[in-house]
Amino acid sequence: MRIQDASMRAVAVAVVTSAAMALSAGETRAAPPQQSVRERIATLDFPELRFSPVKPRKETVRGVPVYFAEDRELPLVTIYATFRGGVRRFAREHFAAATAVPALMRTGGTRELPPDSVDARIELLALATSFGQGGGGSSSWINTLTEQLDEAVSLWADMLRWPRFDSTQVEVWRGAELERVRRRRDDPASLAFSRFNRIMYGDHPVGWEMSPSDLEPDDLGEEKLRYVHEAVICPGNMVLGVAGDITWSRASRMLERILAEWPPCSGNLLEDPQPDIRTEPGVFVIQKEIEQSVVVLAHSSSLRQGDTGEYFASRIANSILGASGLSSRLATELRTRQGLSYGASSIWTASRRDDGLVGALTRTRPQRTLAAAGLLLAALDSVRTTAPDADEVDHAVGEIVNGFVFNFRTPLQVVARGMTYESLGLPDDWLERFLDGIRDVTTDDVLEVFRAEMDPARMTILLVGDTTRFDGSPSELGTVTVLSEDLQDSRGRPSTPREWPRSPR
């Protein structure tokens with residue numbers, strides 16, 4: 001019998017403990033006296049334990065998909081909304097407005113209420129709420145006591161439908177964003193990841209970096225904010241979720257009232273642009289006097305998220321390589337064996353429609369920057385030549401399978417998962433398909449996907465650190481392009497090769 005999640009293990013332990021107590025008490029007197037209790041327990045048969053995942057109810061209200069799960073345990077209700085269409089669906093002139101709209105729906109007031117009145121109502125009703133964006137869209141949720149549901153949802157809906165975009169709050173957001181841009185260079189990791197996206201994606205929304213030129217007052221004028229809002233925050237882009245102490249009958253009536261007054265989408269969204277990911281190898285360097293260098297390297301990967309053996313094998317491959325923490329190959333090599341870093345991680349993104357990236361990253365002291373980069377490349381090359389041990393694959397599979405039950409801890413989690421699948425165009429039973437696909441992965445599957453998708457010779461490498469203390473010249477890794485800390489065209493021409501200052505290895 002194979003126990004496949006934490007809950008099942010707990011049941012099995014209880015069963016075995018009970019059997020042990022019974023045997024110790026002499027209830028199975030027919031067993032040979034020479035057998036120990038442990039040996040007799042080993043001969044017992046147990047029925048196979050199966051976990052049936054909870055599924056939300058899927059409905060439609062005024063053409064909007066709705067995922068619903070009733071839960072009477074606490075007198076609380078959560079309403080969740082996601083909207084397709086984010087920064088990627090606008091021209092650069094709307095970059096700041098598209099970034100700001102979710103936050104300003106929360107802080108900028110409503111058509112009827114100024115910002116301080118909205119804050120007072122939220123506090124009085126003891127509401128938990130959130131507005132944000134990511135993954136190519138925007139989202140918001142509200143959690144309220146059941147007895148205050150109608151008033152709470154009415155306020156939340158007005159914040160979404162009729163934002164005021166108060167000019168004072170717009171300026172507060174602009175000032176905070178300018179400060180964040182200014183401080184970006186103070187965080188080497190943030191600087192490295194932002195600049196690496198720029199290198200790989202160029203003039204595509206994924207590669208855009210917010211700059212002061214994007215944050216002029218006119219960039220956040222009311223006309224631009226409403227242009228973005230009317231294009232994104234509307235029923236045609238929406239998926240809704242309801243979970244908690246509420247019946248579907250009441251929930252459907254509530255959603256009918258909200259959606260009946262909601263204006264339709266403006267149709268101003270652009271087509272989601274396909275990224276032109278950098279394909280040629282190269283080395284990019286940013287000089288920065290810091291005590292830990294940042295090393296990021298990756299190349300494009302054509303593998304997509306889907307119900308294919310290659311995709312499932314890539315998830316196990318990623319776990320083995322660097323996504324499983326300190327037990328991964330990268331962390332074992334750089335941290336445990338070589339002592340070069342506190343940790344190292346792999347990168348392997350796979351979306352539904354676009355190419356992704358595959359590679360690795362780490363941080364290390366300046367004097368071992370080139371050594372760390374070399375070890376990352378060597379580790380990526382080694383996985384292409386020899387299949388992983390069966391134990392490695394079993395461990396990676398087990399981590400996913402044994403954690404399966406934790407995807408269903410709360411009704412809201414179940415609802416949110418269904419909404420995510422709807423937004424991504426995945427089938428409702430995607431999690432079960434994913435689990436079955438992961439279980440079927442073999443060592444040969446992992447080796448095959450490594451060979452197909454991983455090529456250290458194609459890597460684009462970014463080094464951020466104090467080059468005066470590097471343990472060699474970055475040109476040892478390839479053709480070098482020197483970048484400034486300040487934003488510039490990161491796909492510029494390579495610098496003239498030169499010797500870099502060396503320090504003792």
Side-chain angles (χ1 to χ4, degrees), residues 78-123 125 127-144 152-153 155-184 187 190 194 205-206 208-234 237-239 262-263 265-266 268-269 416 423:
T78 300
I79 316 293
Y80 190 21
T82 61
F83 302 89
R84 289 181 293 271
V87 170
R88 291 174 57 135
R89 304 289 294 276
F90 293 96
R92 182 66 186 249
E93 64 184 285
H94 290 101
F95 182 31
T99 305
V101 161
L104 292 173
M105 286 191 296
R106 166 59 186 90
T107 63
T110 70
R111 183 174 59 183
E112 302 295 334
L113 297 175
D116 56 348
S117 295
V118 171
D119 291 342
R121 294 301 300 162
I122 289 175
E123 184 175 356
L125 296 171
L127 305 181
T129 186
S130 173
F131 294 75
Q133 64 177 323
S138 300
S139 64
S140 178
W141 57 264
I142 188 169
N143 178 264
T144 178
V153 171
L155 174 63
W156 175 69
D158 283 349
M159 294 166 73
L160 289 168
R161 291 178 304 192
W162 318 113
R164 178 177 293 220
F165 295 133
D166 179 83
S167 59
T168 299
Q169 292 301 316
V170 171
E171 188 59 26
V172 168
W173 185 91
R174 190 176 80 90
E177 189 68 7
L178 282 168
E179 180 65 11
R180 190 191 69 80
V181 170
R182 187 185 71 80
R183 289 182 176 274
R184 183 169 55 209
D187 180 359
S190 177
S194 178
V206 175
W208 289 350
E209 293 182 89
M210 191 73 75
S211 69
S213 62
D214 293 308
L215 293 167
E216 298 294 335
D218 288 346
D219 294 315
L220 291 164
E222 184 173 353
E223 181 179 354
K224 286 191 175 181
L225 291 169
R226 298 211 177 277
Y227 181 93
V228 170
H229 175 265
E230 292 166 5
V232 176
I233 311 300
C234 50
N237 296 329
M238 184 187 301
V239 180
W262 210 305
C265 300
S266 67
N268 291 331
L269 286 180
S423 298

Quiz item: Backbone N or O of Ile233 within a donor-acceptor pair of the Trp262 side chain at under 3.5 Å?
Solution: yes
Exercise. State, to 0.1 Å, how close Pro163 and Met159 come at their nearest heavy-atom pair, and which atoms those are.
Key: CB-O, 3.8 Å
Exercise. Starting from the C-alpha separation in whole Å, work towards a yes-or-no answer on side-chain contact (heavy atoms from CB on, under 4.5 Å) for Glu171 and Leu220.
Key: CA-CA 8 Å; Glu171 188 59 26; Leu220 291 164; over 6 Å; no
Self-check item: Main-chain N/O of Ser130 paired with Ser140 side-chain donor or acceptor, under 3.5 Å
Solution: yes
Quiz prompt | ring pair (Phe, Tyr, Trp, His ring centres under 6.0 Å) partners for Phe90, two or more places apart | solution = none
Quiz prompt | Under 3.5 Å donor-acceptor, Asp187 side chain and Arg184 backbone | solution = no
Quiz item: Is any side-chain heavy atom of His94 closer than 4.5 Å to a side-chain heavy atom of Val87?
Solution: no
Exercise. Check the side chains of Trp141 and Thr78 for a donor-acceptor pair under 3.5 angstrom, ignoring hydrogens and angles.
Key: no
Quiz item: Stepwise, does the side-chain contact (heavy atoms from CB on, under 4.5 Å) test hold for Asn143 with Leu127?
Solution: CA-CA 6 Å; Asn143 178 264; Leu127 305 181; over 6 Å; no
Quiz item: When rounded to the nearest 0.5 angstrom, what distance separates CD in Glu179 from CG in Leu215?
Solution: 12.0 Å
Practice problem: Mind listing the closest non-hydrogen atom pair of Ala91 and Trp208 along with its distance? | Solution: C-CH2, 3.9 Å
Exercise. Might you point out which heavy atoms bring Gly85 and Val232 nearest each other, and give the distance in Å?
Key: O-CG1, 3.1 Å
When the side chains of residues 98-112 are checked against the rest of the protein, which donor-acceptor pairs come out under 3.5 Å, sequence neighbours left out?
residue: Thr99; atom: OG1; partner: Phe95; partner atom: O; Å: 2.8
residue: Arg106; atom: NH1; partner: Asp119; partner atom: OD1; Å: 2.9
residue: Arg106; atom: NH2; partner: Asp119; partner atom: OD1; Å: 3.2
residue: Thr107; atom: OG1; partner: Ala103; partner atom: O; Å: 3.3
residue: Thr110; atom: OG1; partner: Glu112; partner atom: N; Å: 3.3
residue: Thr110; atom: OG1; partner: Leu113; partner atom: N; Å: 2.9

Quiz prompt | Interatomic distance, Phe83 atom CZ to Ser138 atom OG [nearest 0.5 angstrom] | solution = 8.0 Å
Quiz prompt | Residues Asp219 and Arg174 bridged, charged N to O under 4.0 Å | solution = no
Quiz item: Which heavy atom in Ala152 sits nearest to a heavy atom in Thr144, and how many Å separate them?
Solution: CB-OG1, 3.5 Å
Practice problem: Take Gln169 and Arg164, measure what side-chain contact (heavy atoms from CB on, under 4.5 Å) needs, and give me the verdict at the end. | Solution: CA-CA 10 Å; Gln169 292 301 316; Arg164 178 177 293 220; over 6 Å; no
Self-check item: Min side-chain heavy-atom separation Arg92-Asp214 under 4.5 Å
Solution: yes
Exercise. Kindly compute the distance separating SG (Cys265) from CZ (Arg84), expressed to the nearest 0.5 Å.
Key: 9.0 Å
Quiz prompt | Heavy-atom pair of closest approach, residues Pro212 and Leu178 | solution = CA-CD2, 4.0 Å
Practice problem: Report yes if the side chains of Leu269 and Asn237 come closer than 4.5 Å at any heavy-atom pair, otherwise no. | Solution: yes
Self-check item: Any pair counted as side-chain hydrogen bond (donor to acceptor under 3.5 Å, both in side chains), so long as it reaches residues 223-234, sequence neighbours left out
Solution: Glu222-Arg226
Quiz prompt | Heavy-atom closest pair, residues Asp166 and Pro115 | solution = CB-CG, 3.7 Å
